[in-house]
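Before any comments, here is the structure.
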Number of protein chains: 2
Amino acid sequence: MASKDRILRLKEETRINILDASLQIVKEEGWQALSMRKIADAIEYTAPIIYEYFSNKDAIRMELTRKGFLILARDMRQAKEKHRLPGKQLEAMWLAYWNFAFAERELYQVMFGVDVNCCELCEIMPEAEVPYTLVSEVIEEIMVDKKPSEDEVCVKYYTFWSVIHGLISINLVRRTTSDEITREVLKTAISGIITSLTA
Amino acid sequence: MASKDRILRLKEETRINILDASLQIVKEEGWQALSMRKIADAIEYTAPIIYEYFSNKDAIRMELTRKGFLILARDMRQAKEKHRLPGKQLEAMWLAYWNFAFAERELYQVMFGVDVNCCELCEIMPEAEVPYTLVSEVIEEIMVDKKPSEDEVCVKYYTFWSVIHGLISINLVRRTTSDEITREVLKTAISGIITSLTA
DNA sequence: TAAATAATTTAACACCGTTAAGCAAATGTA
DNA sequence: TACATTTGCTTAACGGTGTTAAATTATTTA
């Protein structure tokens with residue numbers, strides 16, 4: 001009976017519709033606004049229907065996470081294939097990674113746990129600026145012979161902050177990596193950046 | 001009337017109790033488990049009372065964020081004061097930052113939006129390993145003369161990932177920094193790590 | 001002691017994720 | 001064709017959430 005096939009195709013279609021609707025809601029209103037009833041509204045069904053396709057809300061989140069990793073893998077692979085020199089390959093792959101993060105920021109968020117709360121944190125909370133002040137003072141002191149501009153100091157600060165915040169994020173989210181390796185990365189990264197300040 | 005003072009002191013006390021109870025709940029069950037009724041239970045009141053002290057749940061979250069920044073600023077300042085050489089100061093400050101993140105991980109989470117979801121992501125989702133595979137292949141190729149161990153390759157991978165993930169997180173959470181500066185950090189960081197592979 | 005004010009709770013609203021029961025249409029069977 | 005069964009879908013419900021308004025109790029003031 002070919003009608004079975006048609007029905008299976010329709011089922012697959014609404015499954016995709018659920019995922020598409022979910023991603024659209026997230027893109028428009030953020031992850032915290034994603035609700036089963038809202039998804040149901042978008043696909044013109046009622047909420048319990050969704051449980052015929054996904055065991056729960058988390059399964060939808062997971063499926064979108066998987067989708068993110070598939071896109072990221074494809075982008076990085078394509079970037080790699082465009083070059084032959086390993087150095088160029090690395091550069092291209094990380095640039096692809098970077099571009100993916102901003103082209104699909106909602107997917108990146110759920111893949112790596114970046115929670116976007118308030119953008120103007122520093123404005124409404126002056127305390128948030130103290131670390132920057134403390135560190136950039138010292139950076140300026142080290143670079144005093146170079147007479148760096150404010151932007152240059154800022155670049156150095158963000159280089160520091162990025163590697164440390166990145167390492168921390170990774171270690172907070174997944175506890176697989178050994179502490180030894182992490183400490184090694186932290187130490188070499190910090191001393192590397194410090195020497196680069198005067199170089 | 002001194003009784004006014006006493007009442008004011010009591011009010012201040014329950015305000016602190018609310019914050020303490022909130023932080024304790026978050027430490028025990030995570031941010032997603034924090035609810036007004038649970039806080040009320042902990043301080044032995046009913047939920048609406050909390051609105052006499054905080055305008056809503058987000059205000060509590062914000063106050064804990066501020067608390068986090070105050071502790072971080074204190075720790076970094078103390079670390080700085082322990083040294084005179086700027087290089088040592090930087091190292092000590094970033095180490096203090098690092099230690100704070102793990103000593104007060106819940107505060108760090110809410111301060112910088114690190115969402116801890118599932119730790120065993122790679123195990124239940126093989127797709128999540130593709131970026132690592134792609135990149136470490138190339139790293140090994142570049143470092144072929146050094147015959148690096150798996151751990152050494154891993155360190156290099158995490159160095160890359162940390163700085164890029166950190167930069168992305170920062171840019172996703174706060175859009176203040178100029179794109180130019182960010183691109184500069186990204187480019188210098190990547191090329192710096194690449195040259196360090198063969199050095 | 002009576003009135004006024006403050007402190008606290010109860011009740012309610014609208015939403016959430018999720019499950020169970022019910023209904024109606026399509027299908028299989030005789 | 002008539003009946004039984006399965007399927008697709010909805011309604012109703014449970015226990016939870018943040019939040020607000022009304023009711024109640026306790027405290028202070030006159």
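Numbers restart at 1 for each chain; the letters A, B, ... are given by sequence-line order, proteins then strands.
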(request) Taking only Lys NZ, Arg NE, NH1 and NH2, and the carboxylate oxygens of Asp or Glu, determine whether A:Asp41 and A:Lys38 approach each other closer than 4.0 Å. (result) no
(message) So, using ring-ring contact (aromatic ring centres under 6.0 Å, His included) as the criterion, who are the partners of B:Phe100 when residues are at least two apart?
(response) none
(request) Please state how far atom CG in B:Leu10 lies from atom C1' in C:dT8, giving the value in whole angstrom units. (result) 15 Å
(request) Specify the separation, in whole Å, of atom CD of A:Gln32 and atom P of C:dG17. (result) 12 Å
(message) Rounding to an integer number of Å, can you tell me how far B:Ile50 CD1 sits from C:dA7 C1'?
(response) 15 Å
(request) Mark yes or no for whether B:Glu52, through its side chain, and B:Ile49, through its backbone, hold a donor-acceptor pair below 3.5 Å. (result) no
(message) Output the rounded distance in Å from CD1 (A:Ile49) to C1' (C:dT18).
(response) 14 Å
(message) With each end axis built from five pairs of C1' atoms, what bend angle do you get for the helix from C:dT1-D:dA30 to C:dA30-D:dT1? Round to 10°.
(response) 30°
(message) Side chains of A:Ile43 and A:Thr14, heavy atoms from C-beta outward: is any pair under 4.5 Å?
(response) no
For residues 77-92 of chain B, please give each side-chain donor-acceptor pair under 3.5 Å, one per line with the distance, not counting sequence neighbours.
from: B:Lys80; atom 1: NZ; to: A:Glu137; atom 2: OE1; distance (Å): 2.7
from: B:His83; atom 1: ND1; to: B:Ala79; atom 2: O; distance (Å): 3.4
from: B:Gln89; atom 1: NE2; to: B:His83; atom 2: O; distance (Å): 3.0

(message) Is the shortest side-chain heavy-atom distance between A:Val26 and A:Val110 below 4.5 Å?
(response) no
(request) Specify the residues of residues 51-60 of chain B, ordered by number, for which at least one heavy atom lies under 4.0 angstrom from an atom of DNA chain D. (result) B:Tyr51, B:Asn56, B:Lys57
(message) Between P on D:dT17 and CZ on B:Arg61, what's the gap in Å once rounded to a whole number?
(response) 18 Å
(message) Nearest whole Å is fine: how far is C:dA6 P from B:Lys11 NZ?
(response) 10 Å
(request) Identify, residue by residue, the members of residues 34-48 of chain A with a heavy atom below 4.0 Å from DNA chain D, and return them in order of residue number, or none. (result) A:Arg37, A:Tyr45, A:Thr46, A:Pro48
(message) Exactly one of B:Lys27, B:Met111, B:Lys67 should register a side-chain contact (heavy atoms from CB on, under 4.5 Å) with B:Glu104. Which one does?
(response) B:Lys27
(message) Going by ring-ring contact (aromatic ring centres under 6.0 Å, His included), name the residues that satisfy it together with A:Tyr108, two or more places apart in sequence or in a different chain.
(response) A:Tyr97, A:Phe112, B:His165
